[in-house]
Structures are given as structure tokens and as C-alpha cells.
Amino acid sequence: MTDSSFKGLGLGQAWIDNLDHLGYVEMTPIQARALPLLLEGTDVIAQANTGTGKTAAFGLALLAKISPASRRPGALVLCPTRELARQVADEIRRLAWALPNTNVVTVCGGERIRHQQAAIANGVDVVVGTPGRVLDHLLRETLDLSRVSTVVLDEADRMLDMGFIEDVAKIVDATPATRQTVLMSATMTDAVREIGERYQTDATFVSVIDEEAQPDIVQLVYDVGSLTRIGALERVLGHHRPSSALIFCNERVTCDEVVAALRAGGHSVETIHGGLEQRERDDVLVLFSNGSVRLMVATDVAARGIDIAELDAVINYELPYETNSYVHRIGRTGRAGEQGVAISLIDQRDRGRLGRYDRSLPLVERQNADSLPERFAPPEAAAMQTVVIQGGRKEKLRPGDIVGALTGEIGIPNASIGVIAVREKVTFVAIAHEHAAKARHGIKNGQIKGRNFNAFLLR
């Protein structure tokens, strides 16, 4: 298909208008290659990286086949991690604005299962979840997949790596044999192909890896030298001053130590690792992705599935144990045509390991951290602050309702309103720091859609 416009897909005007509103004007390579096939009902096995628009590709296709306000789901998307499942569900909800009364339910671990049971019982059109929790609902007989017309296995390679294949098999076997099955994977291993052969019928293989723009990443290595590692990190941050950075450590305890030291230095920083409650992890992810926190310190496991569109820098506080982890870490920056910076701190023990990464991705510059200035300007505060509204999809709140209230009587400039994330019972709104308190006060003491809502500032 040569036409890169969504208008050439034969979608209704409501879909085109919504895509324009969301900023989708021209299709990405994966969308142009896969969407026509998906809309025809063809089974597709697609190779594409995170951040290439694959969610919109399968999201539009599965929404085109469902009947809104159904009692049983018409589509199922399985993801390897909770964070990715929530991001996929949010994107499908945005796409579904053109299809009123579409219910998208996220089914993941870390949440009370009875709340999920209630949401499913109230009617669901699309289920997005992790294999373990979806299978749990099947075994409890609280989820009926007998009317599913589309199954998507997102990041199938990672589900294999994480040992979910048996759970996936039981779940897919509970869906109709006539379903459309879609596999999305960044790598195309023999194991992924075997999944396709097992669950797909006459599948078409689509790969856009060669067509994707290569990330523009400058890789820097700083030898800690006579400094402590945290001292070297502070000098690197003071010198480069990234507006947002993801800092990787290998252990939870190290994450906590780094956060404590950076906070003492006045940095806007949070951590995300497996030792936190799911609600805490969700809050941190919201704060970082909407610009309310500048720095996030994470382990590899906790960062799986996190996709931040605009990330200035990735910093390896410690080198990862595996070469593949290094590639995945630094690949989170330099996206969407922007230049990114990948910085690694090393000491004498790391110098031998560094050669493994040289062969995979060239390290373009090495210098000593103690050559950087010892004193620098104080860290800048985050540009945004998050206002939490105690109401969400359950109260039928939509981003447009919130923008209208903020720019109306409350008087917040439209340019000062950032990302709005509507959850089931709560909504997160990023507001420019200087207007955040006014926004919170206005919402708490005013009305949205004729109703009163409590509001508070997160952190």
C-alpha cells in the first residue's frame, strides 16, 4: 500500500476525525503494512520495535470488529507486563473515542481481583491483560472468551522469555477457532514462529525493522576514577542537565540509595522497582511520563514495558549483566527523530566488560568523571505537577471535560495543560508547575460536568 494516509483505509469519518485529533495523520511503516491486512481479517505476524505505532495498528483493527456495550469481550490483548498492558489499554481507549460506549478493561496482577470481576460483569468489549491474571479469571469462570473475534499477543518474544507460554496456550485455547490472531514481536525467533504456526491460519509475515529510522544516540562513558559512583552521577547530571533521564541500577537496594542521595541534592527523582506496591509503581510512572518528575531510577525488570516517547537520556549507573540488556536500555532514548544520550558509569572492574558492548554498539567517547566541574547550578524543578482528580471512567469523565473546566472558569491557559490520564476511578492531570495549585483549588471548589470532585497534588 503506497498511500500513507489513514483516509485510504476506508474508515468512517468519525474514525478519521478522531485520528486527526490524536495527531495521527500519516501511517507509520508498521501501520501502512499491517493495517490493511488486519482490517481484512488476515492473521498477521509482525516484527516491529516498541514506539513504532504498532498498538494503533492492531487497536484500530480490533475495534473495527467489535460491537460496543457488549456483555462479553470481542477482543483480547495479552502483554508481558502490567505497565505495558496499561499503556496499551490507554491507547485503545483513545482510539475508541470514535466508537461510543466501548468498554476496555485492564486485567493485571497487583490489583484486587474482585474489582476486576465487577468491571467484567458490568460488560466489557476489549480485555487487555497479563497472562497470569487473565488465566486466573478463566479458572474462576469470571471471564468468558467465547465471543472473542481478535486475539493479539503483544511482544510475544518477551512473553516467551518470561515463561508465559503455557498460560498463553490455555488462554488462546479458550477463544473461538475462527478468531483472528495477531502476533507482535521485536525479534523473530524460531520460538515465536512456532507460536504463529500453532495459533494462526495462513498468517502473513510483516517486518518493518529495516524501514524504521535508526535511533540517534550519542554514547558516552565516564570512568568514576577517584570519585564515588554517586559523586560521578551528580557531576554527570550537573554537566548534561537532562530534562528527563532514566537511570538504571542492577538491584532494588541500589535504586533506593541513589534516590536518597539525589533527593538530598535537590533533584526531582523517583524510583520504580519490584519492591514497591503496584499503586506506587503506577504513580511513579504517571509522574515521570507526564513531566512531573525529571529523573526515574529503575531496575531492568521494573522498566519492562515502560515506553516514554521523549526521553533525553539513559544513564547506566551500573553496567547490566547481559549485552542485550544494554541494547534495550539505551534504545529507550533517541526516538521519534530526536537525539538521545546514553551515559555509562564504569570503574576498574567494569573496563573488561565494556568490550562486549563495544562490539554491539560503538561507544563513541570516554572520559574521566572527575574532569567534569565539581560545582554547577542547582537542579531544576520538574516543569509539570500532577493534579489527581478523584473520579474517572466510572464517573464518565473524559479529557475534553477536564480541559473545558480548567480553561473555563478556573482560567488555566491551554498551553499549561499537559497529559491527561483517565483511569477507572481516578484521573491524573499534568499542569505547568506555576498553575498547579490554582488548578487543584479550582477543581476541588468547582464542578466538572455539573458534579463536584475532590482533587489533590501528587507528591
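Model, not experiment: these values are computed from the prediction. Residues take their numbers from the sequence shown, with the count starting at 1.
Side-chain N/O atoms of Gln385 and Arg440 include no donor and acceptor closer than 3.5 Å.
Under the ring-ring contact (aromatic ring centres under 6.0 Å, His included) criterion, Trp97 pairs with His21, not counting sequence neighbours. Legend: residues meeting ring-ring contact (aromatic ring centres under 6.0 Å, His included) with His240, ordered by chain and number and at least two apart, are Tyr222.
Judged by distance alone, the side chain of Thr271 and the main-chain N or O of Val297 form a donor-acceptor pair under 3.5 Å. Looking only at distances, no side-chain donor or acceptor of Asn290 sits under 3.5 Å from a matching main-chain atom of Val419. Here the side chain of Glu318 pairs a donor or acceptor atom with the backbone of Asn250 at under 3.5 angstrom.
Within the 4.5 Å cutoff, side-chain heavy atoms of Leu183 are placed close to those of Ile195. Between Asp370 and Arg235, the closest side-chain pair of non-hydrogen atoms falls below 4.5 Å.
Taking each heavy atom of Gln47 and Ser207 in turn, the nearest pair found is OE1-OG, 3.2 Å.
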Determine, stepwise, if the pair Arg193 / Asp190 fulfils salt bridge (charged side-chain N to carboxylate O under 4.0 Å, His left out). CA-CA 5 Å; Arg193 291 188 181 91; Asp190 289 341; 3.6 Å; yes
In a table with atom names and distances, give each donor-acceptor pair under 3.5 Å that connects a side chain of residues 392-417 to protein atoms at least two apart or in another chain.
residue, atom, partner, partner atom, Å
Arg393, NH1, Val422, O, 2.7
Arg393, NH2, Glu424, OE1, 3.4
Glu395, OE1, Gly392, N, 2.7
Asp401, OD2, Arg398, N, 3.0
Thr407, OG1, Val403, O, 2.8

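The environment of NE2 in His115 is crowded: more than 12 heavy-atom neighbours from other residues, nucleotides or ligands sit within 6.0 Å.
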